[in-house]
Student: 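Input: one structure, supplied below.
Computed from a predicted model, the values in this text were never measured in an experiment. Each ligand, and each atom within it, is numbered from 1 in the order the structure gives. Quick note: residue numbers are just sequence positions, from 1.
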Amino acid sequence: MGYIKESFRWARVGTIALLVFLLSAHVFAYEELSDDALRYIPSGGSDFDIKTGSLLSPILIPRVPGTPGSIAVQHHFVDFFSRQLPEWSIEWHNTTAKTPATGDTDIPFKNLIIGRDPPWVRPGDVSRLTLVAHYDSLYRPEGFIGATDSAAPCAVLMHVARSIDEALTKKWETMEELGDALGIDEEKGVQILFLDGEEAWVSWTDADSLYGARALAESWDSEPYASESEYRTRLDSISLFLLIDLLGAADPHVPSYFPSTHWAYQGMSKIEERMRKLGLLKTNPKNPFLPESDKKESQFTRAYIGDDHVPFMVRGVDVLHIIPSPFPPTWHTMDDDGEHLDIDSLDDWAKIITAFAAEWMELGDFIRKPPVEDKKKQASIRLRSEL
Ligand SMILES: *[C@@H]1O[C@H](CO)[C@@H](O)[C@H](O)[C@H]1NC(C)=O
């Protein structure tokens, strides 16, 4: 027994040495996802069904802050993550405010922050890809659903989380095992913000809009990390604020809004282009969803759309705003409901944004499904093919 154990141990050390070599040259350098990794990005499938879909349908109800619909949707998020993705931490950010429609009543605004960091990292030392959508719906017209605004984007973010979860686990396990040998201290996490109170209650002003986002940006800006930390504040640790809004209508045209994050827009646009060429998307629009990859520095104007990113952007956070211009024709009308969604467009967004997150988190080598059952056999095939 002892002998067998010993030789097994040495075989393992040999494998690790080989892996160290391969990984240091390959896995942890930023690179595009392979075609195969793109193929393994899952579709939302029936979970985006508007009547029965486990991700989307529970959000397609009125969810005005402080009402039972809002609480039901909060439960939907918390249940999903605590039951299906238990590695993700769940944190509330609760505030109250008065609105011009509700007089002296304190309306509760509850942001949910759901995230995963590498298991070994201290909170102040990790940068986080920050995926954002608002979950509240418009106060008036009464009964407004807001399917694109932003029920569908919330469902997309749930799909992204579950689609990268296993690859994150695998990657971080591998890094923990090999980290010392590699001398790597990459500290990259991911978090999802489901923001409350984006909508204005009467008409859009600085005071009557973005209730949740304003409060959160202020909190995160004024809470410093321990002095020896890599990042000054939680706000400072946001590597990219990727805000998605008004997605789920057919033929979206999403411009690149900011020169400072145009490179990230180009990354997402490239993913769209590659997925279309590989036949992985369901829609076949005349123009791509993200058509402005070639936009020149001089073509950017200072115009932007008021949305949840603004309180973060004015504090220096890098923002990628994925919102169509023009807005969907159903915007802020009773027609912005499940029946008016274009589910194929929505599902294509889910794939594109999942692939973007996987690429950002450098999950390329961990996102693929094992082609054969036997793990050892598979590992040796992989090693040989990569040599
Ligand atoms: C925030 O609100 C949620 C949902 O109502 C509640 O479960 C949680 O305890 C609250 N957190 C704090 C710190 O008050």
Student: Salt bridge check, Lys351 against Glu272: does any charged N sit closer than 4.0 Å to a carboxylate O?
Tutor: no

Student: What protein heavy atom is closest to atom 5 (O) of ligand 1, reported as residue, atom name and distance in Å?
Tutor: Lys110 NZ, 2.7 Å

Student: Can any side-chain N or O of Glu292 pair as donor or acceptor with the backbone N or O of Ser256 at less than 3.5 Å?
Tutor: yes

Student: Could you check Asp196, Asp149, Asp307 and say which one makes a side chain to side chain donor-acceptor pair (under 3.5 Å) with His134?
Tutor: Asp149

Student: When you measure from atom 7 (O) of ligand 1 to every protein heavy atom, which one gives the shortest distance, and what is it?
Tutor: Trp92 NE1, 3.9 Å

Student: Please indicate, with yes or no, if any protein heavy atom is found under 4.0 Å from atom 14 (O) of ligand 1?
Tutor: yes

Student: Identify which one of Lys277, Lys270, Arg276 satisfies the side-chain contact (heavy atoms from CB on, under 4.5 Å) criterion when paired with Arg274.
Tutor: Lys270

Student: What atoms of ligand 1 come closer than 4.0 angstrom to any heavy atom of Asn94?
Tutor: 1 (C), 2 (O), 3 (C), 8 (C), 10 (C), 11 (N), 12 (C), 14 (O)

